[in-house]
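These notes concern the structure reproduced below.
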Amino acid sequence: MNFDYLLNALFGEREVLHALECSVCGFDEIYYIDPSTKKQIGRACQGCQFVQKFEF
């Protein structure tokens, strides 16, 4: 599965909040927010295929 399709399926519409260096692979770990509520919805790293959805 393409990584962008995975992000679309889990997060839907999203905006980038900020990016940090991934502590596992060194690639960019990106934090996302919901564009309408401006709340954090998750983070993902394409380098190590890690995705985490935040449930508040």
Side-chain angles (χ1 to χ4, degrees):
M1 177 180 259
N2 188 341
F3 193 71
D4 289 326
Y5 292 132
L6 176 62
L7 293 179
N8 288 337
L10 289 175
F11 299 141
E13 195 172 331
R14 64 197 177 277
E15 292 179 358
V16 173
L17 176 62
H18 59 81
L20 300 171
E21 183 179 333
C22 179
S23 61
V24 175
C25 69
F27 204 69
D28 285 341
E29 180 178 50
I30 301 173
Y31 287 74
Y32 296 101
I33 60 172
D34 183 280
S36 59
T37 63
K38 301 298 183 192
K39 292 185 179 183
Q40 285 190 6
I41 56 173
R43 64 183 178 161
C45 175
Q46 188 172 4
C48 56
Q49 299 291 307
F50 171 77
V51 178
Q52 180 181 18
K53 185 173 182 178
F54 300 149
E55 302 278 337
F56 297 108

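No more than 12 heavy atoms of other residues, nucleotides or ligands shown are found within 6.0 angstrom of NZ on Lys39.
Under the 4.5 Å side-chain heavy-atom criterion for Ile, Leu, Val, Met, Phe, Trp and Tyr, Phe50 and Phe3 are members of distinct hydrophobic clusters. Linking Ile, Leu, Val, Met, Phe, Trp and Tyr whenever their side-chain heavy atoms come within less than 4.5 Å puts Ile41 and Leu6 in one cluster.
Here Glu29 contributes atom CD and His18 contributes atom NE2; the two are 9.0 Å apart, rounded to the nearest 0.5 Å.
Minimum heavy-atom separation, Cys25 to Cys48: SG-N, 3.7 Å. The shortest non-hydrogen separation linking Pro35 to Glu13 is CD-O, 3.4 Å. Of all heavy-atom pairs between Phe54 and Gln40, the closest is CE1-OE1, 3.4 Å. Nearest approach of Lys38 to Ile33, heavy atoms of both residues: CD-CD1, 4.0 Å. Of all the heavy atoms in Cys45 and Phe27, the pair that sits closest is SG-CB, 4.0 Å. Closest heavy-atom contact between Tyr32 and Leu7: OH-CD1, 3.6 Å.
Of the possible polar contacts, none joining the Asp28 side chain to the Ile30 backbone as a donor-acceptor pair under 3.5 Å is found.
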